[in-house]
Amino acid sequence: MSSENTPVRYSQTQIENDRRILELLSQNFGTISAASSEIINLEAILNLPKGTEHFVADLHGEDEAFRHILKNASGNIKRKVREIYGNDMRDSDLAQFCSLIYYPEQKLELIREEEKNLSNFYNITLHRLVKVLQSVSSKYTRSKVRKALPKEYAYIIEELLHEAPSGESKQQYYSRIVETIISTGQADDFIIAICNVIQRLSIDRLHILGDIYDRGQGAHIILDTLAQYNGFDIQWGNHDALWMGAAAGNDCCIANVLRIALRYANMDTLEEGYGINLLPLATFAMETYGNDNCKVFRPKCDKDRKGEDERHKTLMAMMHKAISVIQFKLEGQMIEKHPEWKMENRKLLSALSPDFKTVTIKGKEYPMTDSNFPTIDPEDPYRLTEEEQNLVDKLHRSFMISDKLSRHIYLLLNHGCLYNITNSNLMFHASVPLNSDGSLKEIEVMGKPMSGKALLQSIGTLMRSAFNHDTPSKVKEYARDYYWYLWCGPDSPLFDKEAMTTFERYFVADKSTHEEPKGYYYMLREQEEVVDGILDAFEVKGEHRHIINGHVPVKAGKGEKPVKANGKLMVIDGGFAKAYHDTTGIAGYTLVYHSRGFELVQHEPFSSTEEAIRLGTDIKSTTQLVELSQNRVRVRDTDKGAELQSQINELRELLYAYRNGMMKPN
């Protein structure tokens, strides 16, 4: 089928070959006028500016900062407001107006308490909000805007939006609508509705490049937010895979999830989010390590947990040690079960001296910082005691019966994958395994060697099979086990490091043992030819194509640049999690791709939602231009445009068939 707009002649043979497609089309476009109207509509859409895409990575449970960035569209809403009202509003008023757009319900409560002339406030605010909505909706069709409007107010908002006043009679009509909204007591509802639509239309597509879970306290809140959100995709990260493995029933993953939560004093997602019963772990920990100060296991984020007393911190440390020892035992069993993963060097419990005073790593003996291990048998170090096994069984059951966890994992499965290609951008969380010369490294998955695109596709299919009811039992068991390898396996595309040195960080003071040498992807990604090789392997087309990923925080405070390989690779892990702020010097990135090009937004730490509502504070962000398009990018230049052009071609063929008697209109 031709993609030209000029008249095309189609042969009878071509019409017959495409008849099935044309018959399906004719069910919706049964007349010449219907087919023609749709072609006109689609051609108009092709000429609109492309929608704004936002890319974020490594949210790590920071729900307040994430939700605020969604609400302010990474600062784009404030920029729009400043463009419209910068000369008419003081900075303080503009900040309060933006705060209203971000948090309309909460902000209106404060305003009703303080504002003396509410009618005047409503009148001014509704007019201002309509102007902002006109601006953010200008790149969309009326149909798309209409779908974003709440049904009960759609007609009136459309009137305000598209019937801009011109002339005295139209001005009176427009003003009368606003006056009636106020007089009927509907102003609050209309303001809330318009603010929500402004937020929704300011981001056309949201790409999350992995690691929603761990570190922060609100991963479950982020996923609740996404469940109500339209237009997003997720590229799974190693922390997401860990939780997916836990939800699939992998006990190694469950132990790691619990250990990380205790390490960062973050039990909210487990207890409040998913109802995981931690009482058996607390009881076991007190009975087993009650006389142990568990110094090395003190929570890392004490300064952010001011409300917790010393007894609670001590209990968390004991629980932390208890689950860590169990984790190392379970991981040893997993390594023995899967020798093909070549992780024998991570069985460090069997490298302990009989008195637990030293450990031998890579042929060198190191003193242990902790030697109190009452549950470890030196003759059989990976065997769980009866009490430990009972505890593992209870924790396993608690994860398996959590309905909300199950719903969130299926949200990840339904909206996620290991990689995604959209508008010439290849997105993945961490890496594509490479050899030292930059070529794609072959990795065995269930005995089959593969690399690059085929590798990620195969692993993604395997991950899904752990949750499919029709998966053969042996494959399902392997898939469930493989989630742990994805978390910490040396050739895992979600990890891609020589080893995860958790044991060493806990028990060996010599920091040289804590190092986790990265795979060749991280060493070679500055080289443009290596990045081009990966893009070619994934069949990414386009004059301006990029790799976008996260996983390793960019140390912006130390001068590291997030844009690499002559602009072809962008690393957007800027450290959303508070635990990373000291490392990165910032509090996250958002990459914004709009019709003018790419902008990288660098965020400072977010104070709190309460301050944003009360004082009108916002995340302080700085923007750098990454790539400016010479011509404005239109819908026709995007993947969506290619789909629409294909539909236009099919409709033109249907139109030809109608007009030349090869098919009868309905």
Side-chain angles (χ1 to χ4, degrees), residues 43-57 69-87 94 98 101 131-141 144-145 148 197-207 209 231-233 420-427 540-548 561-572 574 588-603 618-645:
E43 286 283 4
I45 293 172
L46 287 178
N47 286 293
L48 288 170
K50 79 172 286 295
T52 302
E53 298 174 71
H54 281 227
F55 304 76
V56 295
I69 283 170
L70 279 190
K71 289 176 179 295
N72 79 354
S74 299
N76 278 345
I77 290 176
K78 180 170 277 188
R79 284 191 285 276
K80 284 280 186 187
V81 171
R82 200 177 292 282
E83 285 172 12
I84 300 168
Y85 297 114
N87 296 324
L94 190 143
C98 288
I101 295 175
K131 273 194 176 182
V132 177
L133 182 54
Q134 286 172 337
S135 177
V136 299
S137 65
S138 60
K139 63 170 63 175
Y140 303 115
T141 63
K144 182 160 185 171
V145 174
V197 176
I198 290 170
Q199 291 178 30
R200 201 170 300 133
L201 294 180
S202 295
I203 300 175
D204 188 46
R205 186 77 186 177
L206 176 66
H207 306 288
L209 275 66
F232 71 95
D233 51 74
N420 189 12
I421 301 170
T422 302
N423 296 330
S424 299
N425 297 310
L426 170 61
M427 296 169 277
V540 181
K541 308 297 183 185
E543 183 181 354
H544 301 285
R545 55 186 191 161
H546 311 89
I547 290 175
I548 306 170
K561 302 296 182 186
V563 182
K564 306 176 186 296
N566 198 23
K568 291 187 175 179
L569 186 145
M570 292 173 260
V571 183
I572 60 168
Y589 289 119
T590 307
L591 182 66
V592 180
Y593 180 29
H594 49 63
S595 61
R596 299 292 186 186
F598 281 94
E599 290 180 345
L600 192 67
V601 184
Q602 179 177 302
H603 304 293
D618 205 342
I619 288 183
K620 291 182 180 178
S621 305
T622 55
T623 302
Q624 68 179 81
L625 198 63
V626 176
E627 186 175 286
L628 183 64
S629 301
Q630 198 166 16
N631 300 308
R632 198 169 191 189
V633 181
R634 304 281 172 182
V635 172
R636 70 169 61 255
D637 305 314
T638 67
D639 294 346
K640 181 65 177 177
E643 292 176 20
L644 295 179
Q645 186 62 61

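For the single chain, residues carry numbers from 1 onward in sequence order.
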Atom of I548, atom of F55 and distance for their closest heavy-atom approach: CD1-CE2, 3.6 Å
Distance (rounded to the nearest 0.5 Å) between L46 CG and T638 OG1: 8.0 Å
Salt bridge between D204 and K640, side-chain N to carboxylate O under 4.0 Å? no
The ring-ring contact (aromatic ring centres under 6.0 Å, His included) partners of Y85 (sequence neighbours excluded) come to none
Could you walk me through whether C98 and V81 satisfy the side-chain contact (heavy atoms from CB on, under 4.5 Å) test, starting with their C-alpha distance in whole Å, then the side-chain angles of each, then the deciding distance to 0.1 Å, before giving a yes or no? CA-CA 8 Å; C98 288; V81 171; 4.0 Å; yes
Tell me every residue that passes salt bridge (Lys or Arg N to Asp or Glu O under 4.0 Å) with K568, counting only those two or more places apart in sequence or in another chain. E528, D532
In terms of heavy-atom contacts, V635 and P49 come closest through CG2-O, 3.8 Å
Would you call V633 and N423 a side-chain contact if the rule is heavy atoms closer than 4.5 Å? no
Going from CD on E83 to OG on S135, what distance comes out if it is rounded to the nearest 0.5 angstrom? 6.5 Å
Considering only heavy atoms from C-beta outward, does the side chain of M570 approach that of L600 to under 4.5 Å? no
Can you find a heavy atom in the side chain of K144 that is under 4.5 Å from one in the side chain of I45? no
L201 and S137 have their tightest heavy-atom pair at CD1-CB, 3.8 Å
Begin with the C-alpha distance, continue with both residues' side-chain angles, and end with the deciding distance and a verdict on side-chain contact (heavy atoms from CB on, under 4.5 Å) for T52 and I203. CA-CA 5 Å; T52 302; I203 300 175; 5.9 Å; no
By side-chain hydrogen bond (donor to acceptor under 3.5 Å, both in side chains) - contacts of H546 (at least two apart): N425, E627
Do Y140 and L48 come close enough that some side-chain heavy atom pair is under 4.5 Å? no
List the atom of V563, the atom of G567, and the distance in Å for their closest heavy-atom pair. CG1-CA, 3.6 Å
pair V571-K564: side-chain heavy atoms closer than 4.5 Å: yes
When you measure from the side chain of S629 to the backbone of R632, do you find a donor-acceptor pair of N or O atoms at a distance under 3.5 Å? no
Beyond-backbone contact of H603 with S74, side-chain heavy atoms, under 4.5 angstrom: yes
Could you list the residues that satisfy side-chain contact (heavy atoms from CB on, under 4.5 Å) with D233, not counting sequence neighbours? R205, H207, Q235, N420
Less than 4.0 Å between a side-chain N and a carboxylate O, is that true for K50 and E53? yes
Whether over 12 other heavy atoms sit under 6.0 Å from N87 CG: no
Looking at every heavy atom in both A57 and I572, which two are closest together, and how far apart are they? CB-CG1, 3.8 Å
Hey, what do you get for CZ (R545) to CG (L569), rounding to the nearest 0.5 Å? 12.5 Å
When every non-hydrogen atom of P562 is compared with those of Y589, the smallest separation belongs to CG-OH, 3.7 Å
By side-chain hydrogen bond (donor to acceptor under 3.5 Å, both in side chains), K71 pairs with (sequence neighbours left out) none
Less than 4.5 Å apart, any side-chain heavy atom of N76 and any of S202? no
The reported gap from CD in Q134 to CD1 in I198 (rounded to nearest 0.5 angstrom) is 10.5 Å
Residue set satisfying side-chain hydrogen bond (donor to acceptor under 3.5 Å, both in side chains) with R634, at least two apart, ordered chain then number -> none
Do L70 and L206 pass the side-chain contact (heavy atoms from CB on, under 4.5 Å) test, and can you show the C-alpha distance, the side-chain angles, and the key distance before you say yes or no? CA-CA 9 Å; L70 279 190; L206 176 66; 3.7 Å; yes
How far apart are the C-alpha atoms of R636 and E43, what are their side-chain angles, what is the distance that settles it, and do they pass the side-chain contact (heavy atoms from CB on, under 4.5 Å) test? CA-CA 9 Å; R636 70 169 61 255; E43 286 283 4; 3.7 Å; yes
Q199 side chain to I101 backbone, donor-acceptor under 3.5 Å: yes
